[in-house]
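Below is one structure; the comments refer to it alone.
Values reported hereafter were calculated over all heavy atoms of this structure, with side chains retained and with hydrogens, waters and symmetry mates removed. We number each residue from 1, following the sequence as shown.
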Amino acid sequence: MPLSHVHTTSNTAELQYSGCNFKGTTKRGRFGDALAESDWIVGNVMQKLKDLNLEEDTLVLFTSDNGPWMIRGLSAGSHGLFTGRYAGYWNTGKGSNWEGGIRMPAFAYWKGKIAPMSRSAEIVSSMDVFPTLSALADIPLPTNRVYDVENLIGPFQVSGMGENITQYDPPLLFNIDKDPSEAYPISFNEMPTQPEDAAAMQRILKAYAMEKATFEYGRITPEPDQPGEGPGKYGVCCDRSNDCHCNNNEEKDILGIFNLGTKEHHD
């Protein structure tokens, strides 16, 4: 289920979508309002699974696709600590390979299958969801194509676009557990000297060589626009005939930092 609310739908800042009941309800502006409604939607879905006693038969995945689109300012969100300090430029969110562009929060919930409060440091991609769900449903994948993906059943069941491109050879290596902002590379344009770091670099270079050797190029054909859609009008919208403006423009009382998870939003 796509939650498109937090995407900026225009060149004007602060143009996320939120329904009339959520407009003006948070201190974070329209971005916070969109987050609040997304939170409310997910809460309703989870409650319905409980009401229907489907929690033990349902794997719930919740994830983002990429980091904030930094050129959109306040309308982009925040990449927090993952600023890519060593980059030397500010646009280290969406479209970059720095942590702020690719390191996203993800949650997997499956009652009776995934241990509560468990964590995994496994590196995964949203593209891995397809083979994982296929495996869970016992549906074999077609064999006449290359899949740049991994099956995530193991990690899930833990019991317990930029203009500034700089080439590094070999690639920069960071210890993001100690240095999440990527400020201090372990090595610069040379192989690491410590055995553990050198072994990590060798694994990276081997994976990169495999990726280049097996990559297949193709062309994506976009779906035709539906009625009311077009450049700048692909986001969710309450009323396209009214240029996506709700009738209710009243500012609501602001409670808490974001007003997320409050009784008002979940009633």
Side-chain angles (χ1 to χ4, degrees), residues 1-18 26-39 41-42 60-109 119-130 132 148-150 152 155-156 161-168 171-186 200 204 207-208 211 220 232 234-236 257-258 260:
M1 179 176 66
L3 297 170
S4 302
H5 300 57
V6 296
H7 285 78
T8 302
T9 57
S10 169
N11 289 327
T12 304
E14 293 281 14
L15 257 186
Q16 277 81 18
Y17 169 82
S18 63
T26 73
K27 290 184 177 180
R28 183 56 176 83
R30 295 188 182 183
F31 189 90
D33 299 345
L35 284 178
E37 185 166 21
S38 297
D39 177 66
I41 291 171
V42 173
V60 178
L61 305 177
F62 186 89
T63 184
S64 178
D65 54 353
N66 47 248
W69 196 358
M70 305 305 296
I71 63 173
R72 296 301 177 93
L74 285 175
S75 195
S78 169
H79 51 10
L81 293 173
F82 309 120
T83 54
R85 290 168 58 192
Y86 195 79
Y89 52 89
W90 61 272
N91 194 9
T92 55
K94 176 180 179 179
S96 81
N97 286 328
W98 298 92
E99 291 290 287
I102 61 176
R103 183 170 179 167
M104 298 298 106
F107 305 89
Y109 175 78
R119 301 179 65 181
S120 173
E122 192 78 19
I123 297 176
V124 301
S125 165
S126 56
M127 295 186 295
D128 299 330
V129 172
F130 172 63
T132 302
D148 187 14
V149 294
E150 295 288 342
L152 299 180
F156 280 163
M161 175 169 317
E163 297 178 358
N164 299 283
I165 299 176
T166 303
Q167 299 288 341
Y168 297 99
L172 296 178
L173 184 67
F174 295 90
N175 185 336
I176 56 175
D177 287 333
K178 297 180 179 180
D179 180 24
S181 68
E182 296 174 293
Y184 309 105
I186 293 173
I204 292 171
Y208 179 55
E211 176 70 15
I220 298 177
Y234 293 114
V236 290
I257 297 177
F258 288 123
L260 298 181

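With rounding to the nearest 0.5 Å, the separation of CZ in F107 from CZ in R119 is 10.0 Å. Once rounded to the nearest 0.5 Å, the distance linking OG of S126 with CD1 of I102 reads 11.5 Å. For the atom pair OH of Y184 and CG of L172, the computed distance is 15.0 Å after rounding to the nearest 0.5 Å. Interatomic distance, CD1 of I41 versus CE of M1, reported as 6.0 Å (0.5 Å rounding).
Residues D65 and M104 come closest through the heavy atom pair C-CG, 4.1 Å. Minimum heavy-atom separation, P68 to S78: CG-C, 3.7 Å. The two residues I204 and P171 have their closest heavy-atom pair at CG2-CG, 4.2 Å. When all heavy atoms of P180 and F82 are compared, the closest pair comes out as O-CD2, 3.3 Å.
Between the side chain of T92 and the backbone N or O of T83 there is at least one donor-acceptor pair closer than 3.5 Å. Side chain of E99 to main chain of E182: no donor-acceptor pair is present (N/O by atom type, distance under 3.5 Å, no hydrogens or angles). Between the side chain of S181 and the main chain of L81, no donor-acceptor pair closer than 3.5 Å is present. Under a 3.5 Å cut-off, the side chain of D33 and the backbone N or O of S18 do not form any donor-acceptor pair.
A heavy-atom distance below 4.5 Å is not found between the side chains of T63 and V129.
Atom CG of N175 sits in a crowded spot, with more than 12 heavy atoms from other residues, nucleotides or ligands closer than 6.0 Å.
A perpendicular orientation is assigned to the rings of F174 and Y86, their planes being inclined by more than 60° (bins at 30° and 60°).
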